Amino acid sequence: MPELPETETIARDLDAAIGGARRVVGTTIVRCWRRAKLVVIDLSSSDRIVVQPRFTGALLIDDGHLDAAERRYSAVAFHLADGRTLHYRDIRRLGTVTLMNPGRFAEYVSAIGPEPLDSAFTVAHLSARIRRSRQAIKKVLMDQKAIAGVGNIYANEGLWRAGIDPSRSAATLTAGETARLHDAIVSVLTESIDARGTSFRDYRDASGQRGRFAERLDAYGRAGEPCHRCGHRLIGTHRTVLCANCQS
DNA sequence: AGGGGAACCCGTACGC
DNA sequence: TGCGTACGGGTTCCCC
């Protein structure tokens, strides 16, 4: 399930492969980039193709060698002037591909919170958002209106790094905890992008490769295994995992 | 307003 | 073996 680092990897690869004036029938792909968990494809017409992969969506380039298994679930195909085809494939079909004009795109994006890897995302910003919510801190982290791009995996990882219980009411976090959480989110997302994301289940990048961050996870998917920090057994379901000893 | 819950979808895992 | 069913999971929409 692509979160920020996986979506960033998809967008970067896509931009390298087809960004910079690749002609599609009737228009030209100018640039591919990421906002939150969305892959955004800028067209010369000033419209944009906005792809939300959700769980199983992937953008794959067929240069004539894409195997039939990958092509099988293709829902949308963009034929490029150079002969290649950009496929949106989605096994569970919960993802979306939307063509937006500039007004619609601006409206859509304005409802999304700040990018955690932008300099505008400061401890003060996180603190202000956290302080006014009595919801569990993990739920706030996953709220796209609060912070863009963080989902279940990186919410678990960030909270583990910061040593904070995911079920803690957001408003009860101290200034020190908020600062640690901010640093934890930024570092885990940055490191995951460097590793080309976390591959779980169906996620593949634009060339069909898996990400390497899965082997570096500290919490997500590790219930019952020893904490990498203190050795205590991690508790929880596959959804929320924590170390009861060092996340209080 | 803010929070809670259902719907969306289909491959996988599991039970009989 | 083969069929049927429960499950998952982010976002959106609806309702309280």
Side-chain angles (χ1 to χ4, degrees), chain A residues 1-11 34-40 48-60 67-76 87-100 104-116 128-159 166-173 185 188-189 192 197-205 208 210-211 213-214 217 219-224 236-242:
Chain A
M1 66 215 84
E3 297 183 28
L4 188 153
E6 296 75 30
T7 315
E8 180 70 31
T9 303
I10 293 168
R34 178 196 61 77
R35 173 76 169 102
K37 300 176 191 170
L38 309 166
V39 177
V40 182
R48 291 182 173 92
I49 298 166
V50 177
V51 178
Q52 190 173 62
R54 293 271 174 97
F55 311 105
T56 54
L59 286 157
L60 303 169
D67 64 61
E70 295 283 8
R71 248 197 335 263
R72 182 174 162 205
Y73 295 100
S74 175
V76 186
H87 286 281
Y88 175 72
R89 80 112 168 85
D90 193 345
I91 294 166
R92 290 194 205 165
R93 305 173 69 90
L94 280 165
T96 57
V97 177
T98 311
L99 183 66
M100 296 188 191
R104 173 81 183 93
F105 181 75
E107 179 193 2
Y108 186 78
V109 162
S110 70
I112 304 172
E115 286 292 326
R129 183 59 186 77
I130 275 175
R131 211 173 302 152
R132 63 184 166 88
S133 178
R134 269 179 270 174
Q135 283 199 331
I137 183 61
K138 178 164 179 259
K139 195 146 191 273
V140 175
L141 293 182
M142 292 173 67
D143 180 352
Q144 298 304 293
K145 291 193 280 296
I147 305 167
V150 176
N152 192 43
I153 294 175
Y154 299 102
N156 275 305
E157 293 302 303
L159 288 162
S167 65
R168 280 268 298 283
S169 169
T172 69
L173 264 63
I185 291 165
V188 75
L189 292 174
S192 184
T198 302
S199 275
F200 238 78
R201 304 185 183 186
D202 304 290
Y203 166 73
R204 296 290 188 283
D205 64 31
R210 304 173 71 89
F213 199 70
L217 294 172
Y220 183 82
R222 298 194 64 247
T237 60
H238 76 277
R239 190 128 185 86
T240 299
V241 178
L242 68 146

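Just so it is clear: chains get the letters A, B, ... in the order the sequence lines come, proteins before strands, and each one is counted from 1. Because the structure is predicted, anything quoted here is derived from the model rather than measured.
Side-chain N/O atoms of A:Thr98 and A:Tyr108 include no donor and acceptor closer than 3.5 Å. For the 3.5 Å distance criterion, the side chains of A:Lys138 and A:Ser167 fail to qualify, holding no donor opposite an acceptor. For A:Tyr154 and A:Ser192, the side-chain atoms include at least one donor-acceptor pair closer than 3.5 Å.
Contact between the side-chain N/O atoms of A:Gln144 and the OP1/OP2 oxygens of C:dT11 is found at a separation under 4.0 Å. Applying the 4.0 Å criterion to OP1 and OP2 of C:dT11, one finds that A:Lys37 has a side-chain N or O inside that range. Between A:Arg239 and C:dG10, a side-chain N or O to OP1/OP2 separation shorter than 4.0 Å is present. Close to C:dT11, at under 4.0 Å from its OP1 or OP2, lies no side-chain N or O of A:Arg54. In this structure, A:Tyr108 reaches the C:dT12 phosphate: one of its side-chain N or O atoms is under 4.0 Å from OP1 or OP2.
Listed candidates were C:dT12, B:dG11, B:dG3. Nearest to the side chain of A:Gln135 is B:dG3.
Across the protein-nucleic acid pair, A:Leu94 atom CG and B:dC8 atom P stand 10 Å apart, rounded to whole Å. We find that CE of A:Met142 is positioned 8 Å from P of C:dT11, with the value rounded to whole Å. One can place NZ of A:Lys138 at 8 Å from P of C:dG10, the figure rounded to the nearest angstrom. One can place CG of A:Leu141 at 15 Å from C1' of C:dG10, the figure rounded to the nearest angstrom. Rounded to a whole Å, the CG atom of A:Asp143 is 12 Å from the P atom of B:dG4. Atom pair A:Arg134:CZ and B:dG3:P shows a separation of 8 Å (rounding to whole Å applied). The nearest whole Å value for the distance from the CZ atom in A:Arg92 to the C1' atom in B:dG11 is 7 Å. Per the geometry, CZ belonging to A:Phe55 stands 9 Å off C1' belonging to B:dC8, to the nearest Å.
The neighbour count for A:Arg168 CZ, taken as heavy atoms of other residues, nucleotides or ligands under 6.0 Å away, is above 12.
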- [ ] Take A:Asp90 and A:Arg54 through the test side chain to side chain contact (heavy atoms under 4.5 Å, CB included) and record every step on the way to the result.
- [x] CA-CA 9 Å; A:Asp90 193 345; A:Arg54 293 271 174 97; 5.6 Å; no

